[in-house]
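Residues: numbered from 1 along the sequence shown. Everything quoted here is computed from the prediction, not taken from an experiment. Scope of the values below: all heavy atoms of this structure, side chains included, with no hydrogens, waters or symmetry mates.
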Amino acid sequence: MNFALRVASLALVLAGAAHAKDSDDTGWTLSASGGITAIQAQADQPFGAIGLTRDFGNSWLKLEGTYVGSGDARGATIPADSWIGTLSGGTYVGNLGLDAYVSLGTRSFDAAAFRTEAGQAITVDRSGNLFAVGGSVSYDIALSDRLFLSPSLGVDYNRIDFAIALFGPAGRPIGSQRQASDGVTGSAGASLTHLFANVAGSIGVSAAFSTASNIAAVGQIGFGGSTRGGRGALLPRFADTPAQSGSWGEVGASLSFNASKAFAIDFNVVQTISFPFGDTTAGIVGLRFKF
């Protein structure tokens, strides 16, 4: 789970949650989102997701499917397209928000960019897996009728398969090897959200600090959207080492427009600060249809 996107998505969620937490509203929400992650000194990575959320008054459940494109190779890391399924849920107890998620996925490696001295693409096991589970707690502090401060804490466990190219004495690729990384990430952050009048939407800013026992485990794919309503997004990244701990910061901004009671448009921008494998900037656009 990418925690800054989880924190940033609070700004989008509060626009509806401020009016739903104390009601018995139920219903379904169909969501679609997509965007691009610009990776320092690397090709951009596209991603997209479709989700279905069921609201139960103060609680919710969401099922989401996500695709993350491979982008380009970094060092010896072989690119991989990823398909991810995520089940998330959460509840509000007063102003206290609790949520959790579990994700399972498969990865398809593409070694076409790695050519042997004879010009042949190296062979690679084209199947890999990923798994993530985590949760967070947040608290909404009303600074005014329409201004909210929401500090959050989160913890995640991630495991991911990736493949690296093996090079011969001449410096040309001769084969590949699949490896796996896992690790635990702890995060702390906060969002500041202003709700527009007449339930028209919201605008917000957020910041988070994360530390991981193994950055490679969260470096390939970052998950988001486990907050109420699951309005987050993804932040794909590259990792080219199987084991390395570290810390980084992230800042974000969000904007949400409720065109009607049934339709909303969401925007997110997230920037990493001092991420060990190169900083990233992600832009995400999402649509929500309530029925």
Answer yes if the side chains of Ser256 and Arg288 hold a donor-acceptor pair under 3.5 Å, and no otherwise.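 Yes, Arg288 and Ser256 have a side-chain donor paired with an acceptor closer than 3.5 Å.
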
Could you verify whether a donor N or O on one side chain and an acceptor N or O on the other, from Ser210 and Ser187, lie under 3.5 Å apart?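 A pair is found: one side chain offers a donor N or O, the other an acceptor, under 3.5 Å apart.
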
Roughly how far, to the nearest 0.5 Å, is the OG atom of Ser136 from the CG atom of Asp99?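 Here the interatomic distance stands at 3.5 Å.
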
Distance check, rounded to the nearest 0.5 Å: Leu98 atom CG versus Thr91 atom OG1?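 With rounding to 0.5 Å, CG (Leu98) is 7.0 Å from OG1 (Thr91).
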
Show your reasoning for whether side chain to side chain donor-acceptor pair (under 3.5 Å) applies to Ser206 and Ser191. CA-CA 4 Å; Ser206 61; Ser191 67; over 6 Å; no

Does atom CD1 (Ile50) have a neighbourhood of more than 12 heavy atoms from anything else shown, all under 6.0 Å?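 At most 12 heavy atoms, drawn from other residues, nucleotides or ligands, come within 6.0 Å of this atom.
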
So, does [X] use its side chain to make a donor-acceptor pair with the main chain of [Y] at under 3.5 Å?
| X | Y | value |
| --- | --- | --- |
| Gln45 | Gly69 | yes |
| Asn258 | Val199 | yes |
| Arg159 | Asp182 | no |

So do [Y] and [X] actually touch side chain to side chain, heavy atoms under 4.5 Å?
| X | Y | answer |
| --- | --- | --- |
| Leu192 | Leu143 | yes |
| Asn95 | Ile141 | no |
| Asp279 | Trp248 | no |
| Thr29 | Lys290 | yes |
| Asp81 | Asp110 | no |

Should the ring pair Phe167 and Phe114 be called parallel, tilted or perpendicular, given that the plane angle runs from 0 to 90° and is split at 30 and 60?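 Perpendicular.
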
Working for salt bridge (Lys or Arg N to Asp or Glu O under 4.0 Å), residues Arg107 and Asp161: CA-CA 8 Å; Arg107 313 192 76 208; Asp161 292 334; over 6 Å; no

